Structure formats: C-alpha cells, structure tokens
Number of protein chains: 2
Amino acid sequence: MALGDAILACLTERPMTGYELAKTFDSSIGFFWKADHQQIYRELSKLRDRGYIQGREVVQSGKPNKLIYTLTPEGRTALRHWSARPSTPPSIKDDLLVRLHALDSIDIEPIRTDLMDRLEHHRDRHENYERILKKRFPEGTASDVLDLGNLLLLRLGARHEQMVADFCEEALEALSAMNGKSTVVPLDDGKREKG
Amino acid sequence: MALGDAILACLTERPMTGYELAKTFDSSIGFFWKADHQQIYRELSKLRDRGYIQGREVVQSGKPNKLIYTLTPEGRTALRHWSARPSTPPSIKDDLLVRLHALDSIDIEPIRTDLMDRLEHHRDRHENYERILKKRFPEGTASDVLDLGNLLLLRLGARHEQMVADFCEEALEALSAMNGKSTVVPLDDGKREKG
DNA sequence: CCCGTTATTTACCGTAACAGGAAAAAGTCG
DNA sequence: CGACTTTTTCCTGTTACGGTAAATAACGGG
C-alpha cells in the first residue's frame with residue numbers, strides 16, 4: 001500500500017479532489033512517483049473504505065460534482081504508523097541498465113540515440129528542479145519542518161537527475177571511443193513485425 | 001515484460017539454470033533489479049513458451065535434475081528488439097521521499113533512525129561497488145564492449161549509492177538543526193494495534 | 001538419528017501496480 | 001458545430017510482488 005500512503009501524504013497539505021491529486025501526481029510529487037488518474041481514483045475508494053479519508057461532495061453547476069477528500073484522524077495515524085516503519089530501499093530498475101549488462105549482444109546505435117534522449121530528459125528535469133529550488137528556497141534554507149522536507153526532496157531530485165545525466169554523457173563518450181568494436185550485425189528483420 | 005528481458009540479458013553471458021539466475025538476481029544484476037526465485041521460474045516458463053529460451057535437462061544424482069536454459073536465436077532477436085526500443089525513465093519511488101513530503105505530519109524520531117539505517121545500507125553498497133570496480137577494472141578502462149557495459153553499470157551504481165548516502169547524512173544534519181520545531185506529538189496509540 | 005542447510009524446481013494464494021480504452025456530464029472557447 | 005476542460009467511474013488486461021509450501025536427496029552438526 002505505497003501509493004495509498006503517498007496519497008495520504010499529499011492530503012496532509014490540504015484537502016483535494018481526485019482530479020487535483022492526479023494533477024499533483026503529475027507535477028510535484030509526480031517527479032518521483034507516477035500514477036494515472038484511474039489508479040488514483042481506485043486508491044481513493046480503498047482509502048475511503050478503510051476510513052482513512054472522507055469525501056465531501058461539492059455540487060457544481062456546469063461541471064460534474066466534485067468530491068473533496070479530507071484526511072480523517074484515522075488516516076493521519078495510519079500515515080504516521082506507516083511512516084514509523086523502516087523504509088524499503090528501492091531498486092533502480094532502469095531498462096538502460098539491463099541493456100548495458102548485455103551490451104555486447106545488442107545493437108549500439110539504438111542505445112546511443114536512447115542515451116541521447118535520456119540525457120536531454122534528465123537535463124530538463126534537473127533544470128526544472130533547480131528552477132523550483134531557486135524560486136522556493138533562494139537562501140537554500142528552510143524555516144519550518146514542512147519546508148525542510150520539500151527542500152531536501154528537491155535537492156535529492158536535482159542531484160539524482162544531474163547524476164544520471166552525467167552518466168548518459170559519459171556512456172556516450174565511452175561508446176564513441178569503443179566505436180567499431182561491436183560484434184553484432186544490425187537488425188533488419190523487425191521491420192515487418194508488429195507494424 | 002521487463003523482468004523477462006532482464007533474464008534474457010543474463011542468459012547472453014552464459015546458459016544458466018533458474019537456480020543460478022535467482023542467485024545472479026541476488027548479486028550482480030540484482031543490485032538494481034530484484035526478483036525472487038518464484039518470479040524467476042514463472043518468467044522462465046513464459047520465455048520457454050514463447051520459444052525465447054530452451055531448457056536442457058541435466059540428470060543429477062543426489063540433487064534434483066536441473067534445467068539449463070539457453071537463449072534461442074528467437075530469444076536473441078527478441079532481446080535486441082526490446083533493446084532497440086527507447087527506454088522508459090523510471091521513477092525513484094522511495095518511501096523515504098513520500099515521508100519527507102509530509103515531514104510536518106509524521107514523527108521525526110523514526111525517520112531519523114530510518115535515515116541512519118539507510119545511510120549505513122547505502123554506504124555498504126557503495127563500498128561493495130567500489131570493491132568490485134577496483135578488482136575488475138583496476139585501470140578504470142574496459143577492453144571490449146561487454147566489459148564496457150559492466151564498467152558503466154558499476155560506476156553508476158557506485159555513484160548512486162554515494163549520492164543517496166550523502167543525502168541521508170545531510171538530511172540527518174538538517175533534522176538535528178531543526179530540532180524541537182516539530183508540532184507533532186509522538187504516537188502512542190499504536191502499541192495495541194496489530195501486535 | 002533428527003535437524004538444518006544446500007541444491008533445484010514447482011505449485012498455489014493473494015494483492016498491488018501498470019497500461020490502456022471508454023464513457024458519462026455540462027460547461028467554455030473558437 | 002466540434003474540441004477541450006473538469007470530474008468521476010468502469011472495464012479488461014498484464015506485470016510484478018509477496019508468502020507459504022511441497023517435492024527430492026545429499027551432506028554436515030549436535
């Protein structure tokens with residue numbers, strides 16, 4: 001029940017609707033935790049069934065009525081119980097790493113373009129983190145505990161993206177240096193398969 | 001089908017039994033990809049059904065007979081097709097980050113001990129990576145493509161662990177500096193719940 | 001001799017997560 | 001009119017994760 005806890009964590013900031021949560025999971029917390037709206041709504045039903053959150057229906061004209069979810073005291077204690085348990089160190093689980101593990105049995109050209117795409121991707125994210133950091137924490141310090149958490153989060157995100165971006169760059173360089181040493185002939189049998 | 005591809009990637013090195021694969025997924029590739037033996041065996045059956053791998057039974061006395069799986073040509077091309085597709089940048093998905101996001105609504109003491117455990121954990125892994133690096137690549141260079149992949153892998157792993165370890169350290173310092181500013185009263189209602 | 005471990009595979013159970021496609025409803029904007 | 005936003009819900013899958021457990025037979029300790 002990790003997604004559920006992530007939702008509870010979001011709701012500590014303020015009550016939200018599923019729609020808002022979906023958007024939150026697309027930006028702020030979504031930088032390191034992905035979930036689409038269907039997943040969110042399903043999880044919200046479960047949390048409501050367990051009494052961890054309470055929905056208040058707000059009648060709207062024009063738009064569908066919305067359900068604003070608030071943490072119940074039970075939800076708060078549940079979150080705190082979960083937070084008091086030791087965290088499980090996650091695996092990296094990046095496709096790229098699996099491919100690198102079998103680098104001599106695959107085609108380098110696609111890997112190269114993939115690395116370039118990833119380089120751009122991680123650089124973008126890094127810039128994004130830095131931008132938010134500069135905006136929210138120009139001093140680089142946090143005043144209260146909530147801010148501290150977010151500052152640390154952003155810093156970790158920034159560093160992580162930087163590190164992966166650097167890695168992509170170095171991998172590309174190393175691949176260029178290794179040029180021509182591949183033993184694999186390029187694929188051409190896949191063109192007719194699966195459209 | 002990511003686990004399946006990871007298995008195929010392992011089998012490019014040499015034919016292996018499910019048992020060996022399970023151990024591999026516990027050490028080398030398992031540093032960034034977790035899977036228990038049940039998962040491996042289940043995935044192996046699927047791969048065999050699709051014709052990507054072939055099992056050769058080796059009769060043993062004393063021990064149960066083992067099934068040595070070899071990549072078929074179809075398996076090789078399947079792996080190469082998969083490797084030619086763009087990789088999906090994974091999310092970080094660390095419980096710790098979710099907790100930091102709600103740092104003002106949870107208890108800091110458990111987070112602190114958790115951070116200390118994690119610090120030790122990531123330091124251990126970092127040392128492990130460095131040890132392997134020094135042993136396998138004392139020069140810091142790779143001679144062929146296979147070695148290059150593994151060198152890059154190890155380097156990424158080492159840096160990642162180092163980064164996370166540093167992060168834990170800083171987070172602990174920051175929490176100490178923030179000492180006493182927590183607004184949350186410690187939990188004591190959980191003692192009777194769930195054992 | 002019982003017990004635990006190693007080696008090796010297989011069988012269940014369940015839940016959680018991920019991926020996608022679809023449909024309501026009623027407003028706004030071009 | 002059509003496209004888009006807002007908001008929720010339902011569907012069908014697959015993949016992954018987690019635990020429990022059973023075969024089988026050797027080997028080693030107390």
Side-chain angles (χ1 to χ4, degrees), chain A residues 1-8 15-26 29-30 32-50 53 55-69 82 85 87-95 98, chain B residues 1-8 15-26 29-30 32-50 52-53 55-69 82 85-95 98:
Chain A
M1 238 260 297
L3 176 58
D5 293 294
I7 290 177
L8 292 181
M16 280 195 261
T17 68
Y19 192 78
E20 283 177 285
L21 275 167
K23 278 189 301 180
T24 301
F25 269 78
D26 226 54
I29 206 177
F32 49 88
W33 207 287
K34 281 268 157 276
D36 52 27
H37 71 280
Q38 296 96 324
Q39 249 178 300
I40 307 256
Y41 282 116
R42 240 177 305 157
E43 204 63 34
L44 282 172
S45 321
K46 274 193 228 168
L47 291 172
R48 191 183 37 197
D49 291 350
R50 288 177 203 183
I53 58 175
R56 190 170 51 84
E57 187 164 18
V58 174
V59 181
Q60 298 189 123
S61 62
K63 304 167 202 171
N65 298 342
K66 61 182 171 184
L67 272 161
I68 300 177
Y69 286 105
W82 175 73
R85 286 167 38 197
S87 64
T88 50
S91 317
I92 305 184
K93 263 196 193 195
D94 192 329
D95 290 0
V98 175
Chain B
M1 240 260 294
L3 176 59
D5 294 294
I7 291 178
L8 292 182
M16 280 195 260
T17 68
Y19 193 80
E20 283 177 286
L21 275 166
K23 277 191 300 181
T24 301
F25 269 80
D26 227 54
I29 206 176
F32 49 86
W33 207 288
K34 281 269 158 277
D36 50 28
H37 73 280
Q38 296 96 325
Q39 250 178 297
I40 306 255
Y41 283 116
R42 243 177 301 164
E43 205 62 35
L44 281 173
S45 321
K46 274 192 229 167
L47 291 172
R48 191 183 36 195
D49 291 349
R50 289 177 202 181
Y52 291 167
I53 58 175
R56 190 170 52 83
E57 188 163 18
V58 173
V59 181
Q60 299 189 122
S61 63
K63 303 168 204 175
N65 298 342
K66 61 181 169 185
L67 272 161
I68 301 178
Y69 286 105
W82 174 73
R85 286 170 36 200
S87 64
T88 50
S91 316
I92 304 182
K93 265 199 192 193
D94 192 330
D95 290 359
V98 175

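Keep in mind that this is a model prediction, so the values were computed, not measured. A, B, ... follow the sequence lines: proteins, then strands. Residue 1 opens every chain.
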Can you list the residues that meet the side-chain contact (heavy atoms from CB on, under 4.5 Å) rule with B:Y41, with sequence neighbours excluded? B:Y19, B:H37, B:L44

Of residues 15-25 of chain B, the positions that come close to DNA chain D - non-hydrogen atoms, cut-off under 4.0 Å: none

Not counting sequence neighbours, which residues clear side-chain contact (heavy atoms from CB on, under 4.5 Å) with B:L67? List them please. B:R48, B:E57, B:Y69

Rounded to whole Å, please give me the gap between CG in A:L44 and C1' in D:dC10. 15 Å

How many whole angstroms separate atom NZ of A:K34 from atom P of C:dA16? 22 Å

Distance check needed: D:dT7 C1' versus A:E57 CD, whole Å only. 11 Å

Rounding to an integer number of Å, can you tell me how far B:I40 CD1 sits from C:dA11 P? 17 Å

Start at the 5' end of DNA chain C and walk down; is the nucleotide closest to B:I68 or to A:W33 reached first? B:I68

From the set D:dT15, D:dC17, C:dT8, return the single nucleotide nearest to any side-chain atom of B:K66. C:dT8

Distances under 3.5 Å only, N/O to N/O: pair up the protein atoms with those of nucleotides 19-25 of chain C.
{"from": "C:dG21", "atom 1": "O6", "to": "A:Q38", "atom 2": "NE2", "distance (Å)": "2.9"}

Could I get the full list of salt bridge (charged side-chain N to carboxylate O under 4.0 Å, His left out) partners for B:K23, not counting sequence neighbours? none

Donor-acceptor contact below 3.5 Å, side chain A:E43 vs main chain A:I40: no

If I take atom CG in residue B:L47 and atom C1' in nucleotide D:dT15, what distance separates them, rounded to the nearest angstrom? 13 Å

For A:L3 against A:A35, the heavy-atom pair lying closest together: CD1-CB, 3.9 Å

Determine the Euclidean distance between corresponding P atoms of C:dA22 and D:dT6; express it in Å to zero decimal places. 22 Å

Does D:dT9 have OP1 or OP2 sitting under 4.0 Å from an N or O in the side chain of A:Y41? no

Can you tell me how far P of D:dT15 sits from NZ of A:K93, to the nearest Å? 13 Å

A:D5 CG to C:dT15 P, straight-line distance once rounded to whole Å: 17 Å

Which heavy atom of B:K34 sits nearest to which heavy atom of A:K93, and what is that distance? O-NZ, 4.1 Å

Close side-chain approach of B:W82 to A:V98, heavy-atom, < 4.5 Å: yes

Residues forming a side-chain contact (heavy atoms from CB on, under 4.5 Å) with B:P15, sequence neighbours excluded: B:I68, B:T70

Taking only residues two or more places apart in sequence, or in another chain, which ones meet B:S87 in a side chain to side chain donor-acceptor pair (under 3.5 Å)? A:D114, A:R118

Look at A:K46 and C:dT15 and indicate whether a side-chain polar atom (N or O) is within less than 4.0 Å of OP1 or OP2. no

